[in-house]
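The structure under discussion appears below in the form of structure tokens.
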Amino acid sequence: MPLTKLQYPVYIPTLWKKLMSEFDYDLFVIGAGSGGVRAARMSAGMGARVAIAENRHMGGTCVNVGCIPKKLLVYASHFRSEFEDAAGFGWTVEPENFDWTKLIANKNVEIQRLNGIYERLLTNAGATIYNGLAQLADPQTVIVNGENITAERILVAVGGWPYVPNVPGKEHVITSNEVFFLEQRPERVVLVGGGYIAVEFAGIFNGLGSTVTQVYRGPVFLRGFDDDARHFVAEEMRKKGVDLRFDTDVLAIQKCATGLTVKLSKGGSIDCDAVVYATGRRPLTANIGLEACGVELNPNGAIVVDQRYQTNVESIYAIGDVTDRINLTPVALAEGMSLAWDLFSPNEKTVDYEYVPAAVFSQPNLGTVGYTEAQAREKFGAVTIYRSSFTALKHTLSGSDEKTLMKLVVDDASDRVVGVHMVGPDAGETIQGIAIALKAGATKAIFDRTIGIHPTAAEEFVTMREAI
Ligand SMILES: Cc1cc2nc3c(=O)[nH]c(=O)nc-3n(C[C@H](O)[C@H](O)[C@H](O)COP(=O)(O)OP(=O)(O)OC[C@H]3O[C@@H](n4cnc5c(N)ncnc54)[C@H](O)[C@@H]3O)c2cc1C
């Protein structure tokens, strides 16, 4: 086969290494998700002999049953409020007619396209793909489809899996794994859980026209996010028609004449067509030979790694959700890249875990970077808070009562802005830029010196002067 320019410099050392090495590969990656694909692709690109195994879909959770299809559904669900808002601007919008089957079919086509791209990225970089479940036979041997494959190093990047507690009627519920493939849009949905996935799906189904109830056992959802932002999201969701039941647990799920009945700890029950559990995810580490190899796991099954993603077994590494630290795609990507650089290049690229921004694609969005007010008070002591909530310009004509929240947390000693939180349209887009400022160490004085872009919601971040 003629060599392309790209392959040539890689191919000669690769062939030489194969002849010299006692192993089939330099690196065997288990799991072709965000982290695994990035590590495999980068390592192969640096001249390592790499293989990767995947037993479900190329691209992993994010591409197939996570970030990407979810955001597409979020877009779809937004149209309802866009249609409603349009009237105030002079448009007459015909009564909308939403086709779930078409949305899911179009989404599936896009996901298949992405699966193909991921596969080509790997093969073009020179990695070998094994389709099948990989298990560890020993610290340097993997078994896939009955074949023993040896590697100098093994990277476990198997991600996580939805966790559903043992509730009577558990067999009737679905999770984020199934919700993307429902044949029909359920008219009445109960979302169970208080994390970002439950919140996002409550917004999706509400926007698409379903009657939505979200049940969460704690006092308010989105634990870990800033308290003001959590309460604000809850208020906005209630205004949009989502029935939020906090401090409430599910006792049982039963079949009934019209679908399913969810029995609640506070008394009463809800009849619905689908119950979606989003009650957390657990690392997918059972039955793949990790314990037999002596790899240390946390009580929840997460693989314990050091700063360089190495486990207590020298040849075995782990990155991404399977280590259960910051479970986000960009973090898994950064870890995959960092590991590849570490193992197969003279340079190092460490991942900086401070000021990792995140968004909840709730309606409206929540965007966040840095410390919550409570965390900042604990870490820095004296902090000053700037907070503003207002009606965005668009809604002066749309008639919508949606509000936007912006909040800055400033460390008094250094004047550094250490936390920024926003609830409002496109908060995720806005916060990405702010995250750069925080990483650069921006102070409140620098925020104040920055000229705003008018008229935007984001300008509020540089015009807040009154501390609360
Ligand atoms: C509904 C949902 C929405 C999300 N939204 C966002 C978002 O908006 N933004 C964001 O940043 N993150 C989001 N996430 C999280 C994000 O998807 C994960 O953080 C990311 O996918 C982690 O990447 P990973 O490589 O660690 O694991 P994964 O992407 O889960 O990849 C692991 C892969 O390993 C494969 N595998 C497992 N075991 C084996 C085995 N034994 N042999 C072979 N293959 C195996 C799996 O099939 C999978 O493909 C979301 C997650 C969910 C569930």
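As the structure lists them, so they are numbered: ligands from 1, and atoms in each ligand from 1.
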message = Which residue in the set Asp273, Thr211, Asp271 passes side-chain hydrogen bond (donor to acceptor under 3.5 Å, both in side chains) when paired with Arg188?
response =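 Output: one option passes, namely Asp273.
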Option passing side-chain hydrogen bond (donor to acceptor under 3.5 Å, both in side chains) with His421 (candidates Asp228, Asp227, Thr368) =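 Testing each of Asp228, Asp227, Thr368 against His421, the sole residue satisfying side-chain hydrogen bond (donor to acceptor under 3.5 Å, both in side chains) is Thr368.
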Got an N/O contact under 3.5 Å between [X] and ligand 1?
X: Ala134; answer: yes
X: Asn55; answer: yes
X: Ser176; answer: no

Out of [options], whose heavy atom sits nearest [atom]?
atom: atom 32 (C) of ligand 1; options: Ala157, Pro69, Gly60; result: Ala157
atom: atom 25 (O) of ligand 1; options: Gly35, Gly160, Ala286; result: Gly35
atom: atom 48 (C) of ligand 1; options: His57, Lys71, Glu54; result: Glu54
atom: atom 13 (C) of ligand 1; options: Gly33, Ala32, Cys67, Pro162; result: Cys67
atom: atom 34 (O) of ligand 1; options: Gly31, Gly66, Pro283, Ala53; result: Gly31

message = Tell me whether the rings of Tyr130 and Phe28 are parallel (<30°), tilted (30 to 60°) or perpendicular (>60°).
response =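 Because their plane-to-plane angle lies in the 30° to 60° range, the rings of Tyr130 and Phe28 count as tilted.
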inquiry  = To the closest 0.5 Å, what do you measure between CD1 (Ile143) and CG (Leu133)?
reply    =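 One finds 10.5 Å between CD1 of Ile143 and CG of Leu133.
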ask   = Just heavy atoms, cut-off under 4.0 Å: does Thr61 contact ligand 1 by side chain, backbone, both, or neither?
value =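 For Thr61, the contact with ligand 1 is made by both the backbone and the side chain.
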query = Counting only heavy atoms, which portion of Leu284 has something under 4.0 Å from ligand 1: side chain, backbone, both, or neither?
reply =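 Leu284 to ligand 1: side-chain contact only, backbone stays beyond 4.0 Å.
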